[in-house]
Amino acid sequence: MSEAAALEGTGPAALEVTGLAAGYGRVLALHGVGLRVPAGSVTAVLGANGAGKTTLLRAISGVLRPQAGRVLIDGDDVTGRHPEDMARLGVAHVPEGQGVIAELTVEENLRLGALWRRGHGPRKQALDQAYQRFGVLAGARRRAAGTLSGGERQMLVIARALMAQPRVLLLDEPSLGLAPRIVAQVMQLTAELRDAGLAVLLVEQNARSALSIADQGIVLNLGKVVAAADAATLAADVGLRQHYLGF
Amino acid sequence: MAEFGELTLGGISVGMIYAAIGLSLVLIWRATRILNYAQGGMAMLTTYIALTVINHTGSYWAGFAAALAAGLVLGAVIERVVIRPVESKPPLNAIVVTIGLLILIEGLAGIIFGGQYRSFPAAFSITGLHIGSAALGISSNDVFVTVAVLIAALLLAAGFRYTRAGLRLRAAAFSPQVSRLLGVRVGRTLTLGWALAGLIGALAGVLISPSIFLYPNSMDAIFVLGFTAAVIGGLDSPGGAVAGGLILGVALNYVSGYLGSDLVPLFGLAALTVVLMLRPSGLFSTAPARRV
């Protein structure tokens, strides 16, 4: 896929962002960022610390109110909606680091992900599916989530996000602090979710493993997109790798 | 020895009142990290409402129900109108607001109901119970007080543990940001928390008022002891608040019985000071100490 196709494409993508600007107080951390994530694809968001990667996810999921630009889900403008509404609109944002609620049990964390859904049936079904997919969680359902290992916690927050049956998954640094073997598992899982039809926006410091599963990627620097292309092209660009990606 | 038993039983019943006030403070503290200084004033107001209903209908239980309903509504309205604007502000703002609210409520009660002491009826007989010829030191009404708070505490615990609203309340208390991302409407959850606190506070007001008379400042001392109960329990723990209330109630009843009832407020404040100095995160807390 060419750069132009990756950014523009045709027809509504599951997630489309145009000219997004956001920040903290008067300081903008994001200056007019655009991207498209079609259903069934992974877009990696790469760049150094402070490039605006986390801010981008926060502006999409409504944690931060965008100061300019638009966020479209399946073509519908949802710019500036609150995060609790975005969850209902099919956007699941898995924040970086300690997203588990340590004081609650594993099962309570999972249930929380589908609490807004109507009807006991769908909630129960989502829980059964989570345990089926994540056997390690099924064995720990009554344990406090705070007692899980780092890898198990990452599985829990992703499983919890899936409880809402989202169409768009925003993953913020899922490999952070995890052993290489676990990172590979998380990437494998992300690829499976893509194959199941999710649109995944994957923020990663670990560019090499992110590009190994991504379809497209964008590189942010100081809140601006400095490169956007399909993953193989980005991975092959020696200059880009040396300047921004560090591998 | 018989006296010791009487004092213990009597202490349990009054301790349950402190426990209820402590519980209402814990509910609010957990949800919003705000200490509600107006909790006693709110309970006083709902008790006046109960008294008015009792005088009009002649039914204690109608007044009892009216107080609980009024507490629920009052808690929700105060959170929505007064507390919501200061929730994201520095803690001092909320402290000033709840103290201001206390003064406002007590002033309003004085204007509407007058400042004179009124007696408030008890639900059951207040004459002491006996086993054979041995006095137990408690009345049927004391038993009712203990059972009522116990039931309220157990219902609350079960609600928190087993209902979806309870899960929301806990999740929003532990991690509001994550909860919002998962679709929890945290604002509504906070309103519910304050409403429940208003209800428990109203229960405490109705239960204690037969023994202390009702007047605009009548709950001030009870509030301080309820706060002490909550602090003994760690301010974060509903179970701790109940245990703290029982410990305090029994200990202060020994003080009253062996040393004189004049010393009760002094020892209550001393207990608060000592706990804050030595175990600021509470006797039952394993969390690191926190500035209060």
Side-chain angles (χ1 to χ4, degrees), chain A residues 57-58 60-64 81-105 107-120 123-124 126-127 142 144-146 153 156-166 169-172, chain B residues 26-27 29-33 79-80 84-85 87-90 156-193 233-241 281-282 284-288 290:
Chain A
L57 295 196
R58 293 173 146 220
I60 292 172
S61 69
V63 176
L64 272 179
R81 300 286 287 268
H82 292 299
E84 52 268 44
D85 295 322
M86 294 300 281
R88 289 167 173 75
L89 291 165
V91 177
H93 179 172
V94 179
E96 175 191 332
Q98 303 300 321
V100 301
I101 301 184
E103 295 89 346
L104 301 181
T105 66
E107 179 148 315
E108 285 168 344
N109 267 278
L110 287 172
R111 285 176 52 214
L112 200 54
L115 224 44
W116 57 268
R117 294 177 65 186
R118 288 187 187 283
H120 180 260
R123 292 197 298 266
K124 180 79 175 72
L127 192 62
R142 305 260 172 261
R153 284 172 183 231
L156 175 56
V157 289
I158 294 175
R160 190 179 62 186
L162 297 177
M163 293 289 291
Q165 289 194 329
L169 183 62
L170 312 176
L171 285 178
D172 197 351
Chain B
V26 166
L27 279 174
W29 175 263
R30 270 165 60 113
T32 51
R33 298 284 133 178
E79 192 278 332
R80 270 259 127 85
R84 187 63 62 91
E87 251 155 24
S88 54
K89 302 285 191 315
L156 211 55
F160 266 84
R161 185 108 172 70
Y162 298 111
T163 69
R164 291 199 289 144
L167 180 53
R168 280 192 199 98
L169 279 162
R170 284 184 294 147
F174 291 130
S175 185
Q177 288 87 358
V178 169
S179 302
R180 289 187 76 196
L181 285 177
L182 295 171
V184 176
R185 300 204 187 279
V186 172
R188 286 185 202 169
T189 305
L190 298 186
T191 307
L192 176 62
L235 213 49
D236 244 338
S237 151
S281 55
F284 309 105
S285 166
T286 51
R290 171 185 55 234

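Chain A is the first sequence line, chain B the second, and so forth, proteins listed ahead of strands; every chain is numbered from 1.
Interface remark: of the candidates A:E103, A:H82, A:M163, A:R160, A:E103 forms the most heavy-atom pairs closer than 4.5 Å to chain B. Contacts with chain B were tallied for A:V91, A:V63, A:L112, A:L115; A:L115 has the most, counting heavy-atom pairs under 4.5 Å.
Counted within 6.0 Å of CZ on B:R84, heavy atoms from surrounding residues, nucleotides or ligands total more than 12; the atom is thus considered enclosed.
The shortest distance between side-chain heavy atoms of A:L104 and B:S175 does not fall below 4.5 Å.
When all heavy atoms of A:E84 and B:V184 are compared, the pair lying nearest together is CB-O, 3.8 Å. Scanning all heavy atoms of the two residues, the minimum distance from B:G183 to A:R88 falls at O-NH1, 2.8 Å. In terms of heavy atoms, B:L181 sits closest to A:A87 at O-CB, 3.5 Å.
Only the backbone of A:R117 comes within contact range of chain B, judged by heavy atoms closer than 4.5 Å. Neither the backbone nor the side chain of A:V94 comes within contact range of chain B, judged by heavy atoms closer than 4.5 Å.
Interatomic distance, CZ of A:R111 versus CG of B:L167, reported as 5.0 Å (0.5 Å rounding).
For B:R185, the salt bridge (charged side-chain N to carboxylate O under 4.0 Å, His left out) partners are A:D85, not counting sequence neighbours.
Judged as a salt bridge (Lys or Arg N to Asp or Glu O under 4.0 Å), the pairs with a partner in residues 163-175 of chain B (not counting sequence neighbours) are, in order, A:E108-B:R170.
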